[in-house]
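These notes concern the structure reproduced below.
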Amino acid sequence: MHHHPQPHISTPASASFAATAAFDFKPAKRRGSYNCGRCGLPKKGHVCHLNSSTNPTSISTPTSSPSAVTVENSSSASRPPHAPPIRQSYTHLRRALSFDDIETRADSTERDLDDSDSPYPGTDLDPDNEMVSGGLPAGCLWEVLRRLPPAGLLAAASVCKGWRETTKRLWRAAEELRLMVPPRGQLRFIGSVLKKCPSLVRLSLKMESDVDATMLACIAFSCPNLESMEISTSNTAVNRITGDELGRFVADKRCLTSLKMEGCSNLGGFVLSSSSLSTLWLSDLYSLSKMVFNCPNLKEVSLEFSRQENDTTDLTTMVDAMGRSCPRLQNIHIASVRLSHAVVLSLTAANLRGLRMLSLVLGSEITDASVAAIASSYSKLELLDLSGSSISDSGIGMICNVLPNTLSRLLLALCPNITSSGIQFATAQLPLLELMDCGMTVCDPDSQNSPCDESGDNELPNALNNKLHLMYQKLIIKHSRLKKLSLWGCSGLDALCLSCPELNDLNLNSCKNLHPERLLLQCPSLQNVHASGCQESLIGAIKSQVSDSMASLENQFQCKRLADGSKRVRAPDCLSQEASDDKKRRKVAEQQCKVLVD
């Protein structure tokens, strides 16, 4: 007697009476399998001689919602009573059509079994008894198809009727969808896909075609419960959505909590009113006539403006209104060449008590006085990004005096008035610092002079000043918690000494004047070193020091003498402290540092 193969997953020893009760009251199936669930023979005129008291095979299937379902493998409605089935629990389960994490984990609490949490919504499908074409159990097919991207899922629906029905259930269960919209037929494509997903709450679109109000209306109509929307555009696509159209969309979507949109150059101005919106990202903004935020629960805002000099946006008025109408703001990012000290004063006057991250990028008119205003108003900042500003080492001193107990990320790229002494002082005075970006700060002045600016009178003094400037550009950093350090474009550095045991990412791109013999890396946790545009001798020195550091770490394991004390040998794993050294060896093997040149 041959047994029909059935899917099986081992389960814990504990049983659940609630699972049995839930399935006992399930309505009868419209059509069952034509084969016996025990022996696999056709049911017609068949009496199974296998022991009916044997515990049934069970399968725990990850569902479209964070729950676990155990389905019995019954062969008929008149099955004799049996012990409650065993089920396996899962946690952090991947939603249908969510491609962030394919793996499923097995350590969650179990939830009540109902039709809304069923792995096969809207159907009484038995994954063991119901077969699709080819004899594949429906449960196995579900697990395979739910890992396909949308295009693959649409193609799978054309295989046969069984696959088409399974794909329909998958679409109905989808809560997250990520699509790349082709240049032609975009509206028809979006409409046909969205109408398959009535439960969709998160939508991410990569547009290769233009975006307009019709597309926005299609999304609003097809996704009534939408909570998160992200629209990114390719280089050839144009976002034609206006501020009034965006304002109506936000006002109509009462469940919307996150909105991220690129290419917003045609907004002109907007009024956003929403009690649910908490995250707002808008990029490529240009010459906005008005910006009104009626979003009391807004916690994160990111506004990136185009870098055109003729931008007429009044940032001072915008920041002032945003501070008054959004009192719960925690993260603020504004990138604009029109950022100034007046904008900073408007922001500090808002007195946002919950502000933890502040990023004001490309504001060349932001000075040390602006830093003083920020430090006096926001003393609990965890991230501060003033890249592209005109602050100096004095501004760094103010930051260190006010934020030593909270600041963990400091970004000061493209700040020409900062020297290596200011960088070194910041790392010494900020004990919680984990990330620091100082790209293009310590630059070679000679490389910034234009070739046509060559006058005989100034050539010698400039060369002498450059040599004196480069002579003292050395950087010594010793920090116990620093994990990421970026010195890209610091062509004015000629010596670098790092003693950072937690540092795992170091960016030395275009550090052209850094001498190999003046480089010292005491960073055993390094995983990536970026060295594009560096001298070949410097790249060789980096590789040599990184390999030596790994080798020294590999040899830091316990060694013990033999029983007679005659010779010192490496201790076996059974003598080490709970095999911790073996784990360290595996970790060292996995942490081989990469020197990235291209």
Side-chain angles (χ1 to χ4, degrees), residues 201-202 227-230 246 250 253-262 264 270-283 285 291-305 315-336 339 343-363 366 370-389 398-400 402-413 430-437 481 483-484:
V201 295
R202 293 180 295 277
E227 297 178 2
S228 174
M229 185 180 74
E230 180 177 355
L246 182 63
V250 172
K253 308 307 292 181
R254 308 204 172 192
C255 298
L256 192 66
T257 60
S258 176
L259 175 61
K260 302 178 181 180
M261 186 178 296
E262 293 182 355
C264 303
F270 57 81
V271 178
L272 300 183
S273 300
S274 173
S275 59
S276 61
L277 193 65
S278 62
T279 301
L280 176 65
W281 291 13
L282 301 176
S283 64
L285 299 168
M291 285 181 288
V292 179
F293 301 88
N294 294 324
C295 306
N297 292 316
L298 191 64
K299 295 182 179 179
E300 179 175 340
V301 61
S302 174
L303 305 174
E304 293 195 1
F305 293 80
L315 291 181
T316 304
T317 304
M318 182 269 291
V319 169
D320 180 67
M322 183 176 63
R324 286 186 282 105
S325 59
C326 307
R328 297 188 179 182
L329 275 174
Q330 297 178 358
N331 306 333
I332 297 178
H333 170 75
I334 301 175
S336 173
L339 282 170
V343 177
V344 174
L345 293 180
S346 296
L347 181 62
T348 55
N351 193 21
L352 301 171
R353 298 182 180 180
L355 193 64
R356 294 294 178 269
M357 299 183 182
L358 178 60
S359 174
L360 303 176
V361 181
L362 303 179
I366 295 179
S370 307
V371 175
I374 294 173
S376 62
S377 300
Y378 303 115
S379 59
K380 296 182 179 179
L381 289 178
E382 299 173 3
L383 179 147
L384 181 60
D385 186 355
L386 297 177
S387 298
S389 66
M398 299 178 197
I399 295 172
C400 296
V402 178
L403 304 172
N405 299 322
T406 59
L407 195 64
S408 61
R409 284 165 284 181
L410 180 61
L411 297 94
L412 301 173
L430 299 174
L432 302 181
L433 199 62
E434 296 183 359
L435 181 149
M436 189 168 188
D437 183 4
R481 300 187 62 169
K483 296 181 179 179
K484 295 182 183 294

Given side chain to side chain contact (heavy atoms under 4.5 Å, CB included), test L339 with L315 step by step and report yes or no. CA-CA 7 Å; L339 282 170; L315 291 181; 4.0 Å; yes
Spatial distance of atom CG (L412) from atom CG (D385) [nearest 0.5 Å]: 7.5 Å
Going by heavy atoms in the side chains, are M357 and Q330 under 4.5 Å from each other? no
Treating N297 as the side-chain partner and S275 as the backbone partner, does any N or O pair qualify as donor plus acceptor under 3.5 Å? yes
With heavy-atom distances below 4.5 Å as the criterion, would you say the side chains of L358 and L386 are in contact? no
Do the non-hydrogen side-chain atoms of L259 and K253 ever get within less than 4.5 Å of each other? no
Using the side chain to side chain contact (heavy atoms under 4.5 Å, CB included) definition, which of the options L347, V343, V344, L360 pairs with S370? V344
With no hydrogens and no angle check, is any side-chain donor or acceptor of S302 less than 3.5 Å from a backbone partner on W281? no
Identify the heavy atoms of E262 and S283 that sit nearest to each other, and give their distance. CA-OG, 3.2 Å
Could you give the distance from NZ (K483) to OG (S408), rounded to the nearest 0.5 Å? 9.5 Å
Side chains of H333 and E304: is there a donor and an acceptor less than 3.5 Å apart? yes
Compare every heavy atom of M322 with every heavy atom of L329, then report the nearest pair and how far apart it is. CD1-CG, 3.9 Å
S278 side chain to T257 backbone, donor-acceptor under 3.5 Å: yes
Can you find a pair of side-chain heavy atoms, one from M261 and one from M229, that are under 4.5 Å apart? yes
Give the intermediate values and the outcome of side chain to side chain contact (heavy atoms under 4.5 Å, CB included) for residues V250 and L280. CA-CA 11 Å; V250 172; L280 176 65; over 6 Å; no
Roughly how far apart are L383 CG and L407 CG, rounded to 0.5 Å? 7.5 Å
Passes side chain to side chain contact (heavy atoms under 4.5 Å, CB included), L272 versus C295? Steps please. CA-CA 7 Å; L272 300 183; C295 306; 4.3 Å; yes
If you measure from CG on N331 to CD on E300, what distance do you get to the nearest 0.5 Å? 4.5 Å
Heavy-atom count check: over 12 atoms from other residues, nucleotides or ligands less than 6.0 Å from R356 CZ? yes
What one should report as the nearest heavy-atom pair of Y378 and T348 is OH-CA, 3.7 Å
V271 side chain reached by N294 side chain, heavy atoms, under 4.5 Å: yes
Check M398 against V371 and note the closest heavy-atom contact, atom names and distance. CB-CG1, 4.1 Å
Are L430 and C400 side-chain neighbours, meaning at least one heavy-atom pair lies under 4.5 Å? yes
For S276 and R254, the nearest pair of non-hydrogen atoms, with its separation, is OG-O, 3.1 Å
S325 side-chain N/O to F293 backbone N/O, donor-acceptor pair under 3.5 Å: yes
Heavy-atom side-chain proximity of V301 to I334 below 4.5 angstrom: no
Distance check, rounded to the nearest 0.5 Å: L411 atom CG versus D437 atom CG? 5.0 Å
Are side-chain N/O atoms of S346 and D320 paired as donor and acceptor at under 3.5 Å? no
Is there a donor-acceptor contact under 3.5 Å from the side chain of S379 to the main chain of V402? no
What's the separation between atom OG in S387 and atom CD1 in I366, rounded to the nearest 0.5 Å? 10.5 Å
What are the two closest non-hydrogen atoms of L277 and S258, and how far apart are they? CD1-N, 4.0 Å
Between L381 and I374, is there a side-chain heavy-atom distance shorter than 4.5 Å? yes
